[in-house]
Amino acid sequence: MPEGHAIHRHARRQRDLLAGRRLRVTSPQGRFAAGAARLDGRRLQTVDARGKHLLYRWEDAEALHVHLGLFGKFTVHRNDPPPPTEGTRLAMSADGVTVYLAGPTICELLDPDAEDALLARLGPDPLVHGRDSGPFAASLSRRRIPIGAALLDQKVVSGIGNVYRAELLFLCGIHPARPANGLRDEEIVALWDRAVTELRAGARSGRIVTVVPAEVGARYRSEIPKGRRLYVYHRTAEPCRRCGMPVAVTEMANRSIWYCPGCQPD
DNA sequence: GGGTGATGCTGAG
DNA sequence: TCAGCCTCACCCC
């Protein structure tokens with residue numbers, strides 16, 4: 001159930017465990033049998049993340065492209081792995097480590113042209129592009145759609161999902177219905193900067209925690225209990241943690257988005 | 001034990 | 001715009 005921070009974590013972990021090694025690659029489920037056969041026995045060079053996409057680079061083979069979608073899941077086993085489940089699309093293993101992948105939206109091989117096309121349709125990734133908000137600003141300036149919809153559009157910015165879009169807009173005091181191309185320069189910079197900060201924190205900890213610890217009576221983000229880690233996401237009608245006004249919910253880009261009418265004026 | 005929604009996206013119409 | 005795909009935690013009985 002991943003937004004970009006989790007995908008970057010997977011990339012880093014699997015790079016640490018598997019890069020530079022020759023891997024046994026199979027598809028227990030069979031749906032990726034031909035691709036797995038093509039990769040089996042090859043050396044994995046590295047694993048890159050871009051937005052919510054993973055790209056595995058191999059010696060003498062096309063890139064493996066994985067997108068987890070809503071349900072995809074990796075499980076990593078050291079030493080004795082359990083047998084793969086019926087739904088295991090991909091198994092990659094080397095001595096002492098096995099990675100299973102189940103339920104992905106995408107698991108395919110990409111030739112260089114297809115990979116270029118994929119990367120070309122992804123907007124800047126806060127975990128790749130760093131503090132420069134320029135590409136994000138340029139991307140927003142061309143869109144009249146609401147900022148709440150723009151943040152979920154992976155062509156505009158890649159790696160943000162439904163939790164981060166609501167939380168980032170709250171943190172920046174921006175109403176989700178405001179037109180993307182109507183934001184002030186300083187709001188765009190603040191939004192991008194927040195995205196970089198929050199996704200980095202999420203990638204470090206593996207959790208999405210956006211609240212300022214003191215606001216919920218904690219000293220560190222890591223000690224905030226489940227249920228108090230977010231300001232607005234999934235908190236319909238509950239009081240805003242800052243102003244007490246009931247959190248509102250609406251539909252945007254086919255998904256629910258939560259916001260505080262008090263802290264995020266129209 | 002069944003039903004449902006969910007941190008996502010694509011492609012048909 | 002909407003159905004479809006994939007899995008599982010959580011809710012309610």
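Protein chains get the first letters and strands the later ones, always in sequence-line order, with residue 1 at the start of each.
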(message) Nearest whole Å is fine: how far is dC10(C) C1' from H234(A) NE2?
(response) 11 Å
(message) Pick the closest DNA chain B nucleotide for S256(A) and for L152(A) by heavy atoms, then say which residue is nearer the 5' end.
(response) S256(A)
(message) I need the NE2-C1' distance between H65(A) and dT10(B), as an integer number of Å.
(response) 12 Å
(request) Whole angstrom is fine here: how far is it from CG in L68(A) over to C1' in dA6(B)? (result) 14 Å
(message) If I pick the C1' atom on dC6(C) and the same atom on dG1(B), what distance separates them, to the nearest angstrom?
(response) 22 Å
(request) Calculate the interatomic distance between F71(A) atom CZ and dG5(B) atom P; express it in whole Å. (result) 12 Å
(message) Classify R9(A) by what it touches in the nucleic acid, base, sugar-phosphate, or nothing, heavy-atom distance under 4.0 Å.
(response) nothing
(message) Measuring only the P atom in each nucleotide, how far is dG5(B) from dC13(C)? A whole number of Å is fine.
(response) 15 Å
(message) Assess whether a salt bridge exists between R229(A) and E215(A), defined as any Lys/Arg side-chain N lying under 4.0 Å from an Asp/Glu carboxylate O.
(response) no
(message) I want to confirm an ordering. Mapping N254(A) and P104(A) to their closest nucleotides on DNA chain C, which one lands closer to the 5' end?
(response) N254(A)
(request) Return the nearest nucleotide to the side chain of R121(A); candidates are dG8(B), dA6(B), dT10(B). (result) dT10(B)
(message) For a quick check of understanding: with a heavy-atom distance under 4.0 Å over all strands, which category does R207(A) fall into, base, sugar-phosphate or nothing?
(response) nothing
(request) Please answer: with hydrophobic residues joined when any side-chain heavy atoms are less than 4.5 Å apart, are L152(A) and F170(A) in the same cluster? (result) no
(request) Take atom CG of L70(A) and atom C1' of dT10(B), then tell me their distance rounded to the nearest Å. (result) 14 Å
(request) Would you mind reading off the distance between L90(A) atom CG and dT7(C) atom P, rounded to a whole angstrom? (result) 14 Å
(request) Once you apply the 3.5 Å cut-off to both distances, tell me the Watson-Crick or G-U wobble partner of dC10(C), or none. (result) dG3(B)
(message) Salt bridge check, D40(A) against R24(A): does any charged N sit closer than 4.0 Å to a carboxylate O?
(response) yes
(request) Round to a whole Å and report the spacing from CD1 of I160(A) to P of dG8(B). (result) 11 Å
(request) Run the salt-bridge test on K52(A) and E3(A) with the 4.0 Å N-O cut-off and return the result as yes or no. (result) no
(request) Identify which nucleotide among dA9(C), dA6(B), dC5(C) has an atom closest to any side-chain atom of R31(A), counting heavy atoms from C-beta outward. (result) dC5(C)
(message) Within the 4.0 Å heavy-atom criterion, would you say K226(A) contacts the bases, only the backbone, or no part of the nucleic acid?
(response) sugar-phosphate
(request) Take atom P in dC5(C) and the same atom in dG13(B), then report the distance between them in whole Å. (result) 14 Å
(request) Could you label the plane-to-plane angle of the F74(A) and Y56(A) rings as parallel, tilted or perpendicular, counting under 30° as parallel and over 60° as perpendicular? (result) tilted
(request) Go through dG8(B), dA9(C), dA6(B) for me and flag the one nearest to the E3(A) side chain. (result) dG8(B)
(request) Calculate the interatomic distance between L54(A) atom CG and dC9(B) atom C1'; express it in whole Å. (result) 15 Å
(request) Would you indicate, yes or no, if dA6(B) has its OP1 or OP2 atom less than 4.0 angstrom from a side-chain nitrogen or oxygen of R255(A)? (result) no
(request) May I ask you to evaluate whether K52(A) reaches the phosphate of dG8(B), defined as a side-chain N or O under 4.0 Å from OP1 or OP2? (result) yes
(message) If the threshold is 4.0 Å, N to carboxylate O, is there a salt bridge linking R143(A) and D153(A)?
(response) yes
(message) Checking contacts here: which listed nucleotide (dC8(C), dA6(B), dC9(B)) is nearest the side-chain heavy atoms of H67(A)?
(response) dC9(B)
(message) Counting only Watson-Crick pairs (N1-N3 plus N6-O4 or O6-N4) and G-U wobbles (N1-O2, O6-N3), all under 3.5 Å, who is the partner of dG13(B)?
(response) none
